[in-house]
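Here's the structure, in structure tokens; my notes come after.
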Amino acid sequence: MADRFHKIAHFALETRAEDIPDSTLRAAARMTLDTLGITIGAGPMSAGVIARESAMALYGAGDTAYSARMMFDGRRVSAAGAAYAAATQTDNLDGHDGYNPTKGHIGVVVIPALAAVAETIGDFTGPEALAAITVGYEIAGRAGVSLHNTVSDYHTSGAWNALGVVAVAARLRGLSEDQMRQAMGIAEYHGPRSQMMREIANPTMLHDGSGWGALVGISSAVLAEKGFTGAPAITIEADDVEPYWKDLGQFWQMEHQYVKPYPICRWAHAPIDATRALMRDHSLSHKDIASIRVNTFHESACLFQGMPDDTSKAQYSLPFAVATIAAYGRIGVEHITGAGLSDPLVASIVDRISVCETERHSNRFPKNRMADVSITLKDGRVLESGDVHARGGPESPMEDAEVDEKFMEFAAPSLGSARASAIRDAVWGLCQPGSKFSNLAELLYDAPKT
């Protein structure tokens, strides 16, 4: 076990940017840009506002050496508080990346952790930033798979992505192998093992537990740095999880994350895409639709039914999402907040949608998120989508230009086109050997100008 951790620690602490494939580093830049777009877009939403105010109230920094400005806010709190606020904010706009085998999300904590820890150390290169991000994804992803395959309950991302945060913090702050091992044990012990299906059944601002994953991860790294000890992390060191770590540094999970085209739970994306494709291919309007039947996997069928009365339920509602895409051909923040929650057109379509669990789709989950949709038209015709896989992952990837477009859609309304464009360019600029993280950092902390 100690020998295995040595190899994992060596990977996390010693892997150089030049040891990582260029395609992997570019994927890290892509996920950074995508995550930042959601962080920015979520800024005005209630959960993000509450998280930032709570960080001010609860997580101030008595030691300025461990303080950081909150992203797109500017106020200074502890690094753990800053990571918590940004991760909670991002987590409450369900448009950030994910990884199928973990049934959860990594960038939502890794990018806030990078931005927070960067405030506590000197400048570093763009490629080193991407290497740290990659390390965070690789460690968190395997910890997630290990946890899901060794326990009976389905836990939120915060239960395991905290270990990716530790890896980022340990690397950037120069922790020793033993300090990192203690931090991993502390983070796993205190990670929020919250039950995901409870949140699916009753959507709230809790979302995927990632705010607490970020808070626990940074806190654990600081504790270990100061000499606190923790029991070995069993998702890393237990004998029965060894198979999930064997390909570390060989198979790059970083390149297999998915980008969400819509700010909706990933489990609803295949039905959304199937409906979108049928309507596009047959030049349909919502006025043509008599009814829509969605056949999907079990977890997807458990998503919230009916019209939501808050944004948390909207982001976890399959019928609402399908109705919105049928009505408007897209799903934006305006559809899942405010007046969009009581849109009479969307409500009239929701009433025509039925959702059924289908065994063949359930059997493919979590490796695949597939569904099929049939639309019955008012003229009596029935259109079948066939099996559809959600867009945005390796099976059906989005081009970089589409990711850029998505980022601008979420970021520009809050920051303005000029600052949003500068962030976009600075993120891609991290791939250049001579770049500095400070070129991006100088754009990340100031509050939007009103």
Side-chain angles (χ1 to χ4, degrees), residues 16-18 20 22 24-43 67-76 79 82-83 85-87 89-90 95-97 106-137 164-165 167-169 171-173 214 218 254 257 259 400-401 403-449:
R16 302 169 301 168
E18 50 265 39
I20 301 173
D22 289 344
T24 305
L25 295 178
R26 188 162 183 86
R30 185 181 305 117
M31 296 305 132
T32 300
L33 183 66
D34 189 60
T35 302
L36 288 174
I38 299 303
T39 305
I40 296 164
S67 72
R69 290 170 290 172
M70 288 186 285
M71 295 173 71
F72 307 107
D73 180 288
R75 290 176 291 176
R76 191 168 287 276
Q89 178 170 311
T90 307
H96 47 284
D97 67 58
I106 303 173
V108 61
V109 296
V110 165
I111 305 308
L114 178 80
V117 174
E119 288 274 272
T120 72
I121 61 175
D123 198 9
F124 46 95
T125 69
E128 168 55 24
L130 298 178
I133 290 166
T134 300
V135 163
Y137 271 79
V165 172
V168 172
R171 179 186 177 93
L172 291 178
R173 289 196 57 83
I218 297 289
M254 184 77 255
Q257 310 298 308
V259 174
D400 286 350
V403 178
D404 287 352
E405 182 180 355
K406 176 190 169 185
F407 170 80
M408 292 300 292
E409 178 181 353
F410 283 94
S414 291
L415 299 186
S417 294
R419 185 176 172 191
S421 297
I423 291 172
R424 177 199 62 205
D425 295 344
V427 170
W428 288 119
L430 296 175
C431 297
Q432 299 303 315
S435 65
K436 294 289 186 180
F437 180 72
S438 56
N439 297 334
L440 172 62
E442 66 183 11
L443 300 165
L444 293 183
Y445 303 105
D446 289 346
K449 295 179 180 179

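Atom CD of Glu442 has more than 12 neighbouring heavy atoms from other residues, nucleotides or ligands inside a 6.0 Å radius.
Taking the side chain as every heavy atom from C-beta outward, Ser421 and Met408 approach each other to under 4.5 Å. Between Leu172 and Thr120 the shortest side-chain heavy-atom distance does not fall below 4.5 Å. Proximity of Arg30 to Gln257: side-chain heavy atoms (C-beta onward) are nowhere separated by under 4.5 Å. Using a 4.5 Å cut-off on side-chain heavy atoms (C-beta onward), Ile40 and Phe410 make no contact.
In summary, Asp400 and Arg26 engage in a salt bridge, as defined by a charged side-chain N under 4.0 Å from a carboxylate O.
Between the side chain of Asp123 and the backbone N or O of Ser438 there is at least one donor-acceptor pair closer than 3.5 Å. Judged by distance alone, with hydrogens and angles left aside, the side-chain atoms of Gln89 form no donor-acceptor pair with the main-chain N or O of Ala42 at under 3.5 Å.
Atom CZ in Phe72 sits 10.0 Å away from atom CG in Asp446 (nearest 0.5 Å). Distance check, rounded to the nearest 0.5 Å: CG of Asp97 to OH of Tyr137 gives 3.5 Å. Taken from CE in Met31 to CG in Leu130, the straight-line distance is 12.0 Å, to the nearest 0.5 Å.
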Validation: residues 422-430 side-chain donor-acceptor distances under 3.5 Å, sequence neighbours left out:
residue : atom : partner : partner atom : Å
Trp428  : NE1  : Asp404  : OD1          : 2.9

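Across every non-hydrogen atom of Gly136 and Val168, the tightest pair is CA-CG2, 3.8 Å. Closest heavy-atom contact between Ile111 and Leu36: CG2-CD2, 3.9 Å.
The one candidate from Arg16, Arg171, Lys436 that meets the side chain to side chain donor-acceptor pair (under 3.5 Å) condition with Glu128 is Arg171.
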